[in-house]
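Below: one structure, written as structure tokens.
In what follows, every heavy atom counts, from backbone to side chain, and hydrogens, waters and symmetry copies are set aside. Each chain gets a letter, A, B and so on, in the order the sequences are listed, and its residues count up from 1.
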2 protein chains.
Amino acid sequence: MNIGEAARLSGVSAKMIRHYEAIDLLPPAARRDNSYRDYGKHEIFELRFIRRARKLGFSTSEIGDLLALWRDKGRSSSEVRRIAQAHLQDLEIRIEEMASMAGTLRHLVDACHGDHRPDCPILDDIGRGDE
Amino acid sequence: MNIGEAARLSGVSAKMIRHYEAIDLLPPAARRDNSYRDYGKHEIFELRFIRRARKLGFSTSEIGDLLALWRDKGRSSSEVRRIAQAHLQDLEIRIEEMASMAGTLRHLVDACHGDHRPDCPILDDIGRGDE
DNA sequence: CCTTGACCTTCCAATGATGGGAAGGTCTAG
DNA sequence: CTAGACCTTCCCATCATTGGAAGGTCAAGG
């Protein structure tokens, strides 16, 4: 099948399918005589794998490792678990950072009366700038 | 003072100070005879404002708006509040998305025994790929 | 006076994931 | 035969930040 149908079936845009091939996340696709890329069921499964992994926030480099393990029937699940856990920790750190920002902001927004007057705790806080 | 000292005092790297000037977040700095940028107390305050706003996750474009309001003594605090609240909502959405990823991942990591065997609920889940 | 090292200047490139678009080739239905 | 819906490759933009190259300037010390 053509790249367009592969995109439709996998949920990965044609643009990104080409991109994943360009960065060696996927092996070069087979080509038809007209140089169109040709995909089969197997490739659709790999594309869906990538899409699902992206939705879980894995980077393309991590997905490369996960794909290799997925293909490797002799893998150790500990390898997979290590990658997932590292990513999970990363996520948790980023969530914590953003939650801290959001907490401060919520506080400031609540403190601001938000009317026509210029006094504003939000600007006061940012302008004070002490960390 | 030179850009290096301004960087030290504000916590914004010299590189980024030049960048903020280039994208018109800051007005062109005064120049000495040797074409070195020259900063005073006022600029340090603006740089600290930017640094603090970045730490709260505001984009440079939002910071541009906030800076304009900060400079405008006749501002309405409602304007500031609107910007902050929009950003807060954005943060909350992103946090929610990441928390959802993290929740799924935690579940999967817990379910994976993580030993030498190849069976792995993590790969199973990603490979199933149903949303 | 000259050198050294620490500054400063501008300009260009890369990051990571994704999308937009141009210029051109191919296929299919009418 | 033509229209339009595909496909190809290549370049560019996003966003904030960093790195580096090539070159000018300044202060201290020999």
Side-chain angles (χ1 to χ4, degrees), chain A residues 1-26 28-40 43 46-67 86-87 90-91 94 97-98 101, chain B residues 1-26 28-40 43 47-67 86-87 90-91 93-94 97-98 101:
Chain A
M1 79 190 75
N2 284 346
I3 199 173
E5 200 181 348
R8 243 168 277 127
L9 292 183
S10 66
V12 178
S13 73
K15 214 79 168 158
M16 289 311 295
I17 296 177
R18 294 193 197 98
H19 177 65
Y20 291 145
E21 181 182 326
I23 65 175
D24 290 317
L25 195 52
L26 294 172
R31 299 291 183 128
R32 294 183 174 268
D33 288 347
N34 53 17
S35 83
Y36 285 16
R37 287 177 181 78
D38 192 17
Y39 297 95
E43 285 81 4
E46 296 215 328
L47 286 169
R48 285 201 185 135
F49 183 98
I50 292 175
R51 187 186 60 133
R52 169 71 171 153
R54 286 293 302 131
K55 287 208 175 178
L56 288 176
F58 286 101
S59 68
T60 40
S61 127
E62 287 165 332
I63 294 176
D65 296 341
L66 290 175
L67 262 176
H87 172 50
D90 193 63
L91 268 180
R94 304 214 314 269
E97 288 169 354
M98 297 179 69
M101 293 177 187
Chain B
M1 78 191 74
N2 283 346
I3 199 173
E5 201 181 347
R8 243 168 277 125
L9 292 183
S10 66
V12 179
S13 73
K15 221 63 173 170
M16 289 310 294
I17 296 178
R18 293 193 198 95
H19 177 65
Y20 291 145
E21 181 182 325
I23 65 175
D24 290 316
L25 195 52
L26 295 172
R31 299 292 183 129
R32 296 183 171 266
D33 288 348
N34 53 18
S35 84
Y36 285 16
R37 286 177 182 77
D38 192 18
Y39 297 95
E43 284 82 5
L47 286 169
R48 286 200 185 135
F49 182 98
I50 293 176
R51 188 186 59 133
R52 169 71 172 153
R54 286 294 300 131
K55 287 207 175 178
L56 289 176
F58 286 102
S59 69
T60 40
S61 126
E62 288 165 333
I63 295 176
D65 296 340
L66 290 175
L67 262 176
H87 172 49
D90 193 64
L91 268 180
I93 288 170
R94 304 215 314 269
E97 288 170 354
M98 298 178 69
M101 294 177 187

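Comparing A/Y36 and B/Y39 by the nucleotide of DNA chain C whose heavy atom lies nearest to each, the residue mapping closer to the 5' end is B/Y39.
Counting non-hydrogen atoms under 4.0 angstrom, A/R31 reaches the backbone sugars and phosphates but no base. Heavy atoms of A/S61 sit nowhere under 4.0 angstrom from any nucleic acid atom.
Separation of atoms CD1 (B/I3) and NZ (B/K15) is listed at 10.0 Å; rounding is to 0.5 Å. Note: B/I50 CD1 to B/R48 CZ = 13.0 Å, rounded to the nearest 0.5 Å. To the nearest 0.5 Å, the span separating CG on B/L26 from CG on B/L67 amounts to 6.5 Å. Here A/N34 contributes atom CG and A/N2 contributes atom CG; the two are 7.5 Å apart, rounded to the nearest 0.5 Å. We find the CG-CE distance between A/D90 and B/M98 to be 7.5 Å, quoted to the nearest 0.5 Å. Put simply, CD on A/E43 and CG on A/L9 are 12.0 Å apart, with the number rounded to the nearest 0.5 Å.
The CG atom of A/D33 sits 13 Å away from the C1' atom of C/dC27 (whole-angstrom rounding). Look at CD1 on A/I63: it is 12 Å from C1' on C/dG16, rounded to the nearest Å. Atom-to-atom, CG of A/N2 to C1' of C/dG25 comes out at 14 Å; the value is rounded to the nearest Å.
Taking the side chain as every heavy atom from C-beta outward, B/T60 and B/Y20 approach each other to under 4.5 Å.
Against DNA chain C, the stretch residues 15-26 of chain B makes heavy-atom approaches under 4.0 Å through B/R18.
A nucleotide of DNA chain D counts as in contact with chain B when one of its atoms lies under 4.0 Å from a heavy atom; the first and last such, 5' to 3', are D/dA16 to D/dC26.
Here A/R37 pairs with A/E21 under the side chain to side chain donor-acceptor pair (under 3.5 Å) rule; sequence neighbours left out.
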